[in-house]
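Ligands are counted one by one from 1 in listed order, and the atoms in each one are counted from 1 as well.
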Amino acid sequence: MLQKKKNLASYIVVTLIITLMINVVITWFAKSSFKEIDYGTFLTMIQNKQIESVKIQDDRILITPKANQNASVSDKKIYYTGTLNDPQLVDKLHTAGVKFSTPVKDMQSPIVNFLLTWILPFAMFYFLGSFIMKSLGKKMGGGAMSFGKSNAKVYIEKKTGVTFNDVAGQEEAKESLNEIVDFLHKPSKYTEIGAKLPKGALLVGPPGTGKTLLAKAVAGEANVPFFSLSGSDFVEMFVGVGASRVRDLFQQAEKNAPCIVFIDEIDAIGKSRDSKMGGNDEREQTLNQLLAEMDGFDSSKGVVILAATNRPEILDKALLRPGRFDRRVIVDKPDLKGREEILKVHGKNVKLDSDVNLGEIALATAGAVGADLANMVNEAALRAVRMGRDLVKQEDLFEAVETVIAGKEKKDRIMTEEEKNLVAFHEVGHALAAALQKQTQPVHKITIIPRTMGALGYTMQMPEKEKFLISKGELTEQIVVLLAGRAAEEIVFKKATTGASNDIERATQIARQMVTMYGMSDKFGMMGLESIQNRYLDGRPVQTCSTETSSEVDREVLQIINNCYEKALSLLKTNMEALSKISSHLLEKETIMGDEFMEILNSVPR
Ligand code: ADP
Ligand code: MG
Ligand code: ZN
């Protein structure tokens, strides 16, 4: 509330200052071009014929002197003097040949006069007033007069213009939403037979997979209005506002039925009420209101409520029971085919060269979500423009993938020759370990050009096809590849550097997961020791074992890592010739592709 008062006060102060400044400017302007003289001087000027013309007003006489007559008076100035009871003035002026006149009053018609004096100020006040109201209202949400009213209106879209064709690679989700579309088309088909349709569906999935897009597409397919609000829109500082917004939203929705109400990021209000952190009155009230409204409204009218979240596990159980959000539509990260389709959808918006192979890009982007892919296509187009081309080429797309994964190239970072040399050996260490083992992904590219996100160089591997199951052997080999960077440094330079920190982190993570989650250690067998929370967000594992077991887990993880490091060392030691040959080649060229790498590797006798 304080905030708003402050705004009003500052608004008034600013207006005052502006008015004052305008006044000052006008007076200054007037002062500089008008000059008062006494009546005697005026008469002398008449006698000396220094005057061009005279305007006689009620209380003053304005005098325009002849140009260049008087050196002491600048040309532009107009003089004025007060009126005296001087009946002979007119005669004097006439004989001196001065043009003179007096303004004619009230030439304006009475109507114009009335408009100017009454209507104009009134209109100005009205507009000013409504402007203030509006700008205040925007900040308070829902107009200053209708405090707490839903601002759902702001977000209503009569036509979203999005269809299922715009959402690629979410076939299962689309299938489950199709029924809702059909229902919105023809509610009677369902109500006649006595079927009740779900009141709401909850879209669940990681950020950027297209949940919001899907909700819009449902509205677009069904050709109904789309009300969308974000969960945080309900949460206000003032207790009761959120609840009244919910009420208002549902009222409006029923008026506009059939329609879709979409509550994005519903976890902002739907958080479980039994939280340990202590309750939040406002949020609980809002949630209760939402629950009540969802029970209360008549779904046969054709209002369907969609909600999206990436933290389904923290939602209040009451929200999820039948009759509320009883349908759960999983919108997961796209697989290989899905990624290719998403790339195709977004590729339509840019001009692609004939050499573009989107399948290859899809292979290189395992784990990317729709938003990432859309971003990559755009980055590629931007790069094509930078390069002065009018078509997007495959290399633009690959570069965009790397930009999204590792950041932009940072060519101006100055590294010493020794550092560069070390990075080259480090990266070739990774690449060799990948190439010399059987179950690893082939090397796609090796580079020692630093990136903005911290990498001094990197080795990119690319799978030949997407895999859903990974064996223990493959995981072990992955760890060996990750540790081979440091192993190369150790062998060639006999020292350890900080450059391997990310490798170490990832290797440890894999090793730990092997022990605690995948049942791949001899000691614990198939005992689960960690479970994943927030599956759709960071997917961080949480320990479920005792502290004693935990320290044993650490020992087991260390064992795996040590074994893998030994393996990496021995792999590289037996291939020293290839290591130094490829490293010096890389040092010279800064970036080499996979086939170039394999060529050199194969030319070295083993
Ligand atoms: P979410 O709501 O799941 O976080 P959005 O629906 O806001 O993600 O998606 C963000 C953007 O990413 C969309 O506007 C779209 O351009 C792109 N996108 C995401 N998923 C897809 C998909 N399956 N098909 C096409 N584009 C997608
Ligand atoms: Mg969203
Ligand atoms: Zn590395």
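For K216, the closest heavy-atom approach to ligand 1 does not fall below 4.0 Å. The closest approach between a heavy atom of G169 and any atom of ligand 1 is not below 4.0 Å. At least one heavy atom of D166 sits closer than 4.0 Å to an atom of ligand 1.
In terms of protein heavy-atom proximity, atom 12 (O) of ligand 1 is nearest to A371 CA, 3.2 Å. Annotation: atom 5 (P) of ligand 1 to nearest protein heavy atom, G210 CA, 3.8 Å.
Residue K211 has at least one N or O atom closer than 3.5 Å to an N or O atom of ligand 1.
Counting heavy atoms closer than 4.0 Å to ligand 1, residue V369 contributes nothing at all. Contact annotation for I342 and ligand 1: only side-chain heavy atoms (C-beta onward) come within less than 4.0 Å of the ligand. Residue-level proximity to ligand 1 for E341 is absent, since no heavy atom of it falls below 4.0 angstrom.
Not a single N/O/S atom of E427, whether from backbone or side chain, sits less than 2.8 Å from the Zn ion (ligand 3).
Annotation for ligand 1: atoms under 4.0 Å from non-hydrogen atoms of V167 are 23 (N), 24 (N). If you number the atoms of ligand 1 from 1 as listed, the ones under 4.0 Å from a heavy atom of T209 come out as 3 (O), 8 (O), 19 (C), 20 (N), 23 (N).
Here K344 does not pair with E341 in a salt bridge; the nearest charged N to carboxylate O distance is not below 4.0 Å. Ionic pairing of R451 and E402 is present here: one or more N-O contacts between side-chain nitrogen and carboxylate oxygen are shorter than 4.0 angstrom. Salt-bridge annotation for K174 and E221: absent, with no side-chain N of the basic residue lying under 4.0 Å from a carboxylate O of the acidic one. A salt bridge between K438 and E477 is absent, with no side-chain N of the basic residue lying under 4.0 Å from a carboxylate O of the acidic one.
Residues passing the side-chain hydrogen bond (donor to acceptor under 3.5 Å, both in side chains) test with Q437 are K567, sequence neighbours excluded.
Of the possible polar contacts, one joining the E466 side chain to the L336 backbone as a donor-acceptor pair under 3.5 Å is found. Under a 3.5 Å cut-off, the side chain of E265 and the backbone N or O of N310 do not form any donor-acceptor pair.
A 4.5 Å side-chain heavy-atom check between E379 and D396 finds every atom pair outside the cut-off.
The heavy atom nearest to atom 23 (N) of ligand 1, out of those in G370, P207, A168, is found in A168.
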